[in-house]
Amino acid sequence: MPLADAPAPRRGLFVSFEGGDGAGKSTQVALLGERLAAAGHEVVLTREPGGTALGRTLRTAVLHGEHLDARTEALIYAADRAHHVASLVRPALARGAVVVTDRYLDSSVAYQGSGRDLGADEVERLSLWAVDGLLPDVTVLLDLDPDVGRGRLTGEPDRLESAGDDFHRRTREAFLGRAAADPGRWLVLDATRPVAELAAAVGERVGAALATAVRS
Ligand code: TYD
């Protein structure tokens with residue numbers, strides 16, 4: 001591969017938040033961002049799908065457009081993620097920023113792999129190919145019973161929110177299974193705990209990861 005095409009080296013820290021709809025991810029992303037900025041870090045807060053201009057078009061198509069078969073849906077999420085990582089996440093990490101994303105590839109493995117039944121291994125392979133292997137340093141799972149999550153949602157449900165109880169139960173189990181298999185990357189928190197307690201637990205874990213990243 002010519003040198004110009006090699007991914008930029010990473011110096012920053014990459015953090016993702018995962019969990020069902022209504023788990024409070026966007027609140028915790030914002031609180032972590034404030035905490036890191038106050039400590040003097042360059043912070044990039046972003047999301048999937050829709051962290052880029054192209055991503056916002058793809059987000060509308062996948063969440064609010066016509067019916068899509070499961071493979072098309074998986075490929076749209078993968079395309080959003082490939083462009084997000086290449087154009088925003090990797091350059092920010094190369095500058096030394098802390099990148100915090102509301103959802104990343106574990107959402108595809110859980111929602112498309114297990115929820116839609118495409119197969120977790122296949123969707124993981126597709127997702128890792130899309131991002132040339134980039135995994136977060138820390139992934140926070142805000143775990144919540146889908147029945148409770150549904151009660152917290154406002155507005156018209158999108159295509160994924162409308163997918164049914166079994167789908168959301170499979171998705172939750174997939175997140176918990178992935179987290180149990182890789183405790184070095186994942187922090188699992190009970191999303192019914194108070195917002196400030198959750199933020200403190202997240203801050204502690206990310207602080208520890210930053211201290212390790214600085215030493216290495
Ligand atoms: P999100 O932005 O978290 O929803 P909202 O802003 O409505 O709270 O995610 C949108 C939906 O997309 C959510 O139901 C989960 C789903 N999703 C997937 O199915 N696969 C993926 O890879 C990603 C990133 C999200």
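Atoms within each ligand, like the ligands themselves, are counted from 1 in listed order.
Remark: minimum distance from atom 21 (C) of ligand 1 to any protein heavy atom is reached at Tyr77 CD2, 3.3 Å. Glu161 OE2, 3.4 Å is the protein heavy atom nearest to atom 7 (O) of ligand 1. Here the protein heavy atom with the shortest distance to atom 10 (C) of ligand 1 is Leu63 CD1, 3.8 Å. Of the protein's non-hydrogen atoms, Gln112 NE2, 2.9 Å is the one closest to atom 19 (O) of ligand 1.
Residue-environment remark: CD (Glu197) exceeds the threshold of 12 foreign heavy atoms within 6.0 Å. Atom CZ of Arg56 has more than 12 heavy atoms from other residues, nucleotides or ligands within 6.0 Å.
For the pair Arg81 and ligand 1, the shortest N or O to N or O distance falls below 3.5 Å. Checked by distance only, ligand 1 and Asp21 come closer than 3.5 Å through their nitrogen or oxygen atoms.
Each of Thr139, Leu134, Val89 was scored for a side chain to side chain contact (heavy atoms under 4.5 Å, CB included) with Tyr104, with one residue passing: Leu134.
In this model, a donor atom of one side chain and an acceptor atom of the other lie less than 3.5 Å apart for Arg103 and Tyr111.
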**Report entry** side chain to side chain contact (heavy atoms under 4.5 Å, CB included) between Phe17 and Val202, intermediate numbers included
**Finding:** CA-CA 10 Å; Phe17 281 77; Val202 170; 3.7 Å; yes
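Closest heavy-atom approach to atom 5 (P) of ligand 1 among the candidates Arg59, Arg103, Arg159, Lys25: Arg59.
Here is the list of ligand 1 atoms found below 4.0 Å of a heavy atom in Arg47: 2 (O), 6 (O). Listed by number with element, the atoms of ligand 1 under 4.0 Å from a non-hydrogen atom of Ser108 are 21 (C), 22 (O).
Judged by distance alone, with hydrogens and angles left aside, the side-chain atoms of His168 form a donor-acceptor pair with the main-chain N or O of Leu160 at under 3.5 Å.
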